[in-house]
2 protein chains.
Amino acid sequence: MTMAMMQHAYDVYENRCPTRLVLDRLADKWAVLILDRLDEGPVRFNHIRRDIKGISQKVLSQTLKKLERDGLVSRAVFATVPVTVEYALTPLGRTLTETVSALAHWAERNMDAVLAAQRAYDEASPA
Amino acid sequence: MTMAMMQHAYDVYENRCPTRLVLDRLADKWAVLILDRLDEGPVRFNHIRRDIKGISQKVLSQTLKKLERDGLVSRAVFATVPVTVEYALTPLGRTLTETVSALAHWAERNMDAVLAAQRAYDEASPA
DNA sequence: CAGGATCCTACGCGATACTG
DNA sequence: CAGTATCGCGTAGGATCCTG
């Protein structure tokens with residue numbers, strides 16, 4: 001038991017730690033993008049699909065379902081014709097977006113540094 | 001172009017946006033755990049391997065290499081017998097750990113709420 | 001519009017064996 | 001100790017078609 005371990009109430013490094021399950025969900029590119037997108041307010045299915053370029057309908061559907069199951073996203077159905085479905089953050093989900101969008105914005109701010117590092121690395125050891 | 005888009009200098013929702021590349025690396029369970037582990041100071045390969053239960057040697061090796069390529073992690077070789085290799089965060093990597101560990105700690109704090117939500121969801125629509 | 005059901009394939013990853 | 005190399009399987013996920 002090191003100091004590193006001590007600061008976690010649960011041992012996130014432990015194999016079957018439940019925190020891992022949550023981290024599994026969060027540590028997903030699409031989930032991060034979706035949560036970040038929902039932070040702006042409720043959005044309909046195909047709207048998300050259009051906004052987040054490159055996500056397939058299947059994966060969007062799956063990811064939304066997982067996020068809903070985790071209690072992070074709510075799904076509201078309106079009896080219009082055709083039917084309208086709105087996805088939104090739950091209160092729990094809203095407690096997460098600050099952290100998640102911090103991650104997205106870190107990526108944005110430090111993208112150049114990362115790309116530079118990659119170039120340097122690739123030059124040092126060419127394929 | 002919605003308001004949601006406006007607050008990003010780059011459009012993270014865009015398919016080939018370089019931010020996506022960074023997010024791809026960050027949105028990885030093992031990378032998060034490794035970065036969180038390295039936050040405590042330099043660690044040797046097999047030490048990480050032992051601490052982070054369930055990670056295979058192959059994936060650890062791969063992930064460390066990617067993190068090094070991204071300039072987030074440094075690799076120091078010491079000419080002992082047998083050889084010693086220490087992994088540590090770079091200055092760039094250190095700017096990330098606050099965010100990353102925030103994610104890990106959110107997972108830890110809200111794990112119970114998520115698990116409860118999952119139970120409720122599963123009860124509502126049994127398989 | 002908001003998905004469900006299928007088919008199919010690339011590849012992520014574990015297991016194993018070997019090396020400097 | 002700190003990895004690389006190879007094989008082989010499982011599955012995530014794209015493409016396509018269909019529906020209330």
Side-chain angles (χ1 to χ4, degrees), chain A residues 15-16 20-21 23-34 37-38 41-70 73-88 121 124-127, chain B residues 13-16 20-21 23-34 37-38 41-70 73-88 121 124-127:
Chain A
N15 208 350
R16 292 178 50 75
R20 283 272 191 101
L21 300 174
L23 206 53
D24 267 336
R25 186 69 17 90
L26 268 42
D28 172 52
K29 170 189 167 185
W30 298 123
V32 169
L33 288 171
I34 291 172
R37 181 65 190 84
L38 289 183
V43 202
R44 282 176 298 106
F45 185 87
N46 280 325
H47 197 159
I48 305 177
R49 183 155 152 62
R50 273 192 304 273
D51 280 356
I52 302 183
K53 308 291 167 52
I55 194 169
S56 71
Q57 168 267 347
K58 181 183 178 181
V59 169
L60 176 57
S61 176
Q62 283 175 350
T63 307
L64 282 171
K65 207 174 297 180
K66 288 176 187 173
L67 291 173
E68 188 192 355
R69 188 173 107 96
D70 288 347
V73 163
S74 65
R75 180 176 180 274
V77 183
F78 300 97
T80 53
V81 185
V83 68
T84 300
V85 178
E86 262 187 13
Y87 289 92
Y121 184 95
S125 59
Chain B
Y13 305 118
E14 190 54 50
N15 207 350
R16 294 178 49 75
R20 282 273 190 98
L21 301 174
L23 206 53
D24 266 337
R25 186 70 17 90
L26 267 43
D28 171 53
K29 170 188 166 185
W30 297 123
V32 169
L33 288 170
I34 291 172
R37 181 66 189 82
L38 289 184
V43 202
R44 282 177 298 106
F45 186 88
N46 280 324
H47 197 159
I48 305 177
R49 184 155 153 63
R50 272 191 306 272
D51 280 355
I52 302 184
K53 308 291 166 55
I55 194 170
S56 72
Q57 161 263 32
K58 180 182 179 181
V59 168
L60 176 57
S61 176
Q62 284 175 349
T63 307
L64 281 172
K65 207 174 298 181
K66 288 177 187 173
L67 290 173
E68 188 192 354
R69 188 172 107 97
D70 289 347
V73 163
S74 65
R75 179 177 180 274
V77 182
F78 300 96
T80 54
V81 185
V83 66
T84 301
V85 179
E86 263 188 10
Y87 290 93
Y121 184 95
S125 59

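The chains referred to below are lettered A, B, ... by the order of the sequence lines, with proteins before strands, and numbering in each begins at 1.
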Working to the nearest 0.5 angstrom, can you tell me the gap between [X] [atom1] and [Y] [atom2]?
X: A:I52; Y: A:W30; atom1: CD1; atom2: CH2; result: 7.5 Å
X: A:I34; Y: A:D51; atom1: CD1; atom2: CG; result: 11.5 Å
X: B:L67; Y: B:S74; atom1: CG; atom2: OG; result: 11.0 Å
X: B:K53; Y: B:L33; atom1: NZ; atom2: CG; result: 12.0 Å
X: A:L60; Y: A:K65; atom1: CG; atom2: NZ; result: 11.0 Å

Sugar-phosphate only, base, or nothing, as touched by B:R49 at under 4.0 Å among non-hydrogen atoms: nothing
Starting at [atom1] of [X] and ending at [atom2] of [N], how long is that distance when rounded to a whole Å?
X: A:K29; N: C:dG12; atom1: NZ; atom2: P; result: 12 Å
X: A:E68; N: C:dA2; atom1: CD; atom2: P; result: 15 Å
X: B:D51; N: D:dA2; atom1: CG; atom2: P; result: 13 Å
X: B:F78; N: D:dA2; atom1: CZ; atom2: P; result: 11 Å
X: A:R75; N: C:dA2; atom1: CZ; atom2: P; result: 10 Å
X: B:N46; N: D:dA2; atom1: CG; atom2: P; result: 5 Å
X: A:R50; N: C:dG3; atom1: CZ; atom2: P; result: 14 Å
X: B:I52; N: C:dG14; atom1: CD1; atom2: C1'; result: 17 Å

Phosphate contact (D:dG3 OP1 or OP2) by B:Y87 side-chain N/O below 4.0 Å: yes
Phosphate OP1/OP2 of D:dT4: any B:S61 side-chain N/O under 4.0 Å: yes
Candidate pair B:R44 and B:T84, rule side-chain contact (heavy atoms from CB on, under 4.5 Å), full reasoning: CA-CA 7 Å; B:R44 282 177 298 106; B:T84 301; 3.3 Å; yes
Check: protein-nucleotides 10-14 of chain D nitrogen or oxygen pairs below 3.5 Å:
residue, atom, partner, partner atom, Å
D:dG13, N7, A:K58, NZ, 2.8
D:dG14, OP2, A:S56, OG, 2.5
D:dG14, O6, A:K58, NZ, 2.6

Qualifying salt bridge (Lys or Arg N to Asp or Glu O under 4.0 Å) pairs with a residue from residues 24-33 of chain A, counting only residues at least two apart or across chains: A:D24-B:K29, A:R25-A:D70, A:K29-B:D24
B:L38/B:I48 under side-chain contact (heavy atoms from CB on, under 4.5 Å): CA gap, chis, key distance, verdict: CA-CA 9 Å; B:L38 289 184; B:I48 305 177; 4.1 Å; yes
What N/O pairs connect the protein and nucleotides 18-20 of chain C at under 3.5 Å? Give each pair on its own line.
none

side-chain contact (heavy atoms from CB on, under 4.5 Å) evaluation trace for A:R37 with A:Y87: CA-CA 10 Å; A:R37 181 65 190 84; A:Y87 289 92; over 6 Å; no
